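Sending over a structure as structure tokens; questions will come in a sec.
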Amino acid sequence: MTLHLHDTLRGKKIAFEPLKEGEVTMYLCGPTVYNYAHIGNARPAVVFDLLARLLRRTYKLTFARNITDVDDKINQASIDTGKPIEEITARFIKAYNDDMGMLGVSLPDIEPRATQHIVEMVEIISTLIEKEFAYEADGHVLFDVTANSDYGALSKRDIREMIAGARVEVAPYKRSPHDFVLWKPSTPELPGWDSPWGRGRPGWHIECSAMAKKHLGMTVDIHAGGQDLVFPHHENEMAQSTCAHDGVPFARYWVHNGFLSLDSTKMSKSLGNVLLVHDMVKTIPGELIRLALLGAHYRQPLDWSDAALEGARNMLDRLYGAVRGIEVSAAERQSVAVPATVIAALEDDINSPKALAEMFTQARQLNKSTDEQERHALAAGLLAGGDLLGIMQIDPEDWFSDPGSSDLSNDEIDAMLIQRKDARENRDFATADKIRDQLATQGVTIEDGPSGARWRRS
RNA sequence: GGCUAGGUGGCAGAGUGGUUAUGCAGCGGCCUGCAAAGCCGCGGACAUCGGUUCGAUUCCGUUCCUAGCCUCCA
């Protein structure tokens, strides 16, 4: 099985072939840095981090994830807080990378910022005007959607129908209601750059076209993002780029992740149900959040809840439980093969739930086996699979003994276990069970095995 | 209203034109001093109504429902 991806433009799953043999370029629409990332923002970061890991196994990958650091919301945040824009963006870029890092998301190869690509944006806009795909009106430069016959292909929309159903008041300077802004004037107090059309700032969509071209070339292999970006953002990017490049395709595969809801409702600030990753990682292990995000297929809707998190914890308990007590060196887990079934599942359009199911199948084989050599090999494979998925990244003992907010220390637990061991050896089961019950009330479970007792927190 | 994606067992969540998902929960058994963990086994599902077919949860169409988009948004 080779990698297959669901391509939004073609509307089906397609065998993946990069433009250049052995090399892949991928562009992901990253954050607008005016606030902390919430759990919904984390989904594409995690999903496409997994895709990047998968691609790096077989290709030389160049992965770009942009930063939108010029935007009305950022301007508003600056006005609201009285802090300079640069201070706000710098702070939230760092927070974003730190928070995503806690979820096992690696940094991309390139992290281009919009404000550092104004020249390239102006260049594309000029080209579009020259080729008569764009026009200047009332200080703005707008893209003329009627000049692009393919407009609407990505989001499967018909411009004529859209015009009929338009709900928004149309700016008077637009020739057609769906023409979108490439460049707009800026006021003296807002960020702005000199351009052939006066001092102004870019529209939202143009940055991705400019940065993708500069860093990855006219055609990227994979363009990724959230489903909500399909229209208008990606539709517009595609229109700009293909028109500026005389029809050269902009992206070979468009992949979009589904939405995340929170307890079956949309996350929104007005409802006050926004979960920030920055806060969550203070009390929840990052890889637990990551696993919960990978628990559903990336294109499916995912409902975030305590139950979902609980389910992920059970899964990690089972996986860690399987490899617990088996020593696998770091060098070994790096060199050993990831189970083929896990790879196959992931190569089938990033089917992470299937991949996890295969991990459990291997875990059961491991639990079943009494042959130490076989157990060791299965554990190593399981850990290698964990490395690919970005889970099982800590020592199993630490996983099961993390004191968290408990006021009972690990040493105290060990001491109680020694007392219990003595009691058991004297066949004083009443005392032994009393100790076990006492620990149970504090969330510690004892597991007696052939090589003595071990414990875990639940 | 339009477009897109969905509706699977108690819950989560894959998949398939005829045979086991997987995890949690439940039931029975093994193991254990008793438990826990683990192992073995069991039950239980494919929204609705039609159609195609020897046979459909899987393909086609209807209806109902849900989510996203159509305006900034992962």
Side-chain angles (χ1 to χ4, degrees), chain A residues 6 8 11 28-32 34 37-48 68 71-73 76 152 154-158 160-169 178 204 224-233 235 256-261 264-269 291-292 295-303 305 307-319 321-322 324 345 348 351-361 363-370 400 424 427-430 432-433 436-437 439-440 444-450 453-456 458:
Chain A
H6 179 94
T8 305
L28 171 63
C29 289
T32 301
Y34 69 103
H38 58 64
I39 185 66
N41 298 316
R43 192 177 191 190
V46 166
V47 163
F48 298 118
T68 299
D71 175 271
D72 288 343
K73 277 174 298 204
Q76 192 58 46
L154 182 67
S155 53
K156 315 276 187 276
R157 272 160 223 262
D158 186 314
R160 287 161 305 180
E161 284 178 18
M162 285 166 56
I163 292 169
R167 302 193 315 211
V168 187
E169 211 175 309
H178 286 87
W204 174 36
Q227 216 159 50
D228 55 324
L229 294 181
V230 175
F231 190 89
H233 188 52
E235 189 74 60
H256 293 103
N257 64 275
F259 239 61
L260 180 144
S261 57
S264 309
T265 51
K266 182 174 177 168
M267 238 188 310
S268 84
K269 280 181 193 154
L291 182 60
H297 183 87
Y298 78 95
R299 286 195 290 114
Q300 292 299 122
L302 172 62
D303 189 40
S305 63
L309 216 44
E310 176 70 24
R313 183 180 293 279
N314 286 332
M315 290 188 211
L316 270 180
D317 278 348
R318 186 162 167 82
L319 291 174
R324 190 178 187 184
D348 184 12
N351 194 336
S352 53
K354 182 84 188 305
L356 287 168
E358 300 300 348
M359 290 284 282
F360 292 117
T361 302
R364 191 189 308 109
Q365 283 181 313
L366 165 54
N367 286 332
K368 234 157 100 166
S369 174
T370 49
F400 288 116
R424 290 185 75 208
R427 302 196 67 77
D428 178 7
F429 295 120
D433 290 352
R436 184 171 64 196
D437 291 345
L439 284 169
V444 177
T445 308
I446 291 174
E447 296 171 11
D448 291 318
R454 67 185 189 187
W455 56 270
R456 65 192 186 93
S458 48

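Values in this document were obtained by computation on a predicted structure and should not be read as measured data.
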Considering only B:A21, B:A74, B:C70, which nucleotide approaches the side chain of A:N257 most closely? B:A74

Heavy-atom pair of closest approach, residues A:D448 and A:A453: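 Between these two residues, the closest heavy atoms are OD1-CB, 3.2 Å.
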
Calculate the interatomic distance between A:H178 atom NE2 and B:C3 atom P; express it in whole Å.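 Interatomic distance, NE2 of A:H178 to P of B:C3: 15 Å.
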
What interatomic distance, in whole Å, is found between P of B:A56 and the corresponding atom of B:G18?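 Those two atoms are separated by 11 Å.
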
Surrounding CZ of A:R454 (heavy atoms of other residues, nucleotides or ligands, distance under 6.0 Å), is the total greater than 12?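 More than 12 within 6.0 Å, yes.
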
Ring of A:F259 versus six-membered ring of B:A67: centres under 5.5 Å and planes under 30°? no

Between B:G26 and B:U66, how many Å separate the two P atoms, rounded to a whole number?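 Each nucleotide's P atom is 33 Å from the other's.
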
Expressed in angstrom and rounded to an integer, what is the separation of A:D72 atom CG from B:C73 atom P?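 It works out to 10 Å between those atoms.
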
To the closest 0.5 Å, what do you measure between NE2 (A:H256) and SG (A:C29)? 7.5 Å

Expressed as a whole number of Å, how far does the P atom of B:C24 sit from that of B:A37?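 Here B:C24 and B:A37 have their P atoms 10 Å from each other.
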
Which value, rounded to the nearest 0.5 Å, describes the distance between A:Q227 atom CD and A:R43 atom CZ? 8.5 Å

Write down the protein N/O and nucleotide N/O pairs, taken from nucleotides 8-15 of chain B, whose separation is under 3.5 Å; answer none if there are no such pairs.
from	atom 1	to	atom 2	distance (Å)
B:A14	OP1	A:H297	N	2.5
B:A14	O3'	A:N351	ND2	3.0
B:G15	OP1	A:N351	ND2	3.1

Would you mind reporting whether A:L356 and A:L291 have side-chain heavy atoms less than 4.5 Å apart? yes

A:R43 has an atom CZ; how far is it from atom C1' of B:G68, in whole Å? 12 Å

Grab the NZ-C1' distance between A:K156 and B:C3 for me, whole Å please. 11 Å

P atoms of B:G51 and B:C40, separation to the nearest Å: 44 Å

Sticking with atom P, work out how far B:U16 lies from B:A35, rounded to a whole angstrom.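 Pairwise P distance, B:U16 against B:A35, rounds to 42 Å.
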
A:N314 side-chain N/O to B:C24 phosphate OP1/OP2 under 4.0 Å: no

By nearest heavy atom, map A:A432 and A:G30 onto RNA chain B; which one lands nearer the 5' end?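 The 5'-side residue here is A:A432.
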
State which residues pass ring-ring contact (aromatic ring centres under 6.0 Å, His included) with A:H6; sequence neighbours excluded, sorted by chain then number.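 In terms of ring-ring contact (aromatic ring centres under 6.0 Å, His included), with neighbours along the sequence ignored, A:H6 is linked to no residue.
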
Between protein and nucleotides 35-41 of chain B, what N or O pairs are separated by less than 3.5 Å?
from	atom 1	to	atom 2	distance (Å)
B:A35	N1	A:D448	N	3.1
B:A35	N1	A:D448	OD2	3.1
B:A35	N3	A:R436	NH1	3.0
B:A36	N1	A:D448	O	3.0
B:G38	OP1	A:R318	NH1	3.3
B:G38	O3'	A:N367	ND2	3.2
B:C39	OP1	A:R318	NH2	3.2
B:C39	OP1	A:N367	ND2	3.4
B:C40	OP1	A:K368	NZ	3.2

When the C1' atoms of B:G44 and B:C72 are considered, how many whole Å apart are they? 46 Å

Measure CD/A:Q227 against P/B:A74 and give the value in whole Å, please. 14 Å

Look at the side chain of A:K354 and the backbone N and O of A:H297, then say whether any donor-acceptor pair between them is shorter than 3.5 Å. no

Can you tell me how far C1' in B:C60 sits from the matching atom in B:A21, rounded to whole Å?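 These two C1' atoms come out 27 Å apart once rounded.
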
Non-neighbouring partners of A:N314 that pass side-chain hydrogen bond (donor to acceptor under 3.5 Å, both in side chains), sequence neighbours left out: none

By side-chain hydrogen bond (donor to acceptor under 3.5 Å, both in side chains), which residues pair with A:W455, not counting sequence neighbours? A:D414

Please give, in whole Å, the distance from B:G6 P to A:L260 CG? 18 Å

Stems formed with participation of RNA chain B [Watson-Crick or G-U wobble, under 3.5 Å, three or more pairs]: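 Looking at RNA chain B, the stems formed by three or more consecutive pairs are B:1-7 with B:64-70, B:10-12 with B:22-24, B:26-30 with B:38-42, B:49-51 with B:59-61.
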
To the nearest Å, give me how far apart CG (A:D71) and C1' (B:A74) are. 14 Å

For nucleotides B:U48 and B:G15, find the distance between their C1' atoms and express it as a whole number of Å.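 So the two C1' atoms sit 22 Å from each other.
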
Could you state the CG-P distance from A:D228 to B:A74, rounded to the nearest angstrom?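 My rounded result for the distance is 6 Å.
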
Parallel, tilted or perpendicular for A:H233 and A:W204, by the 30°/60° rule?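 Parallel.
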
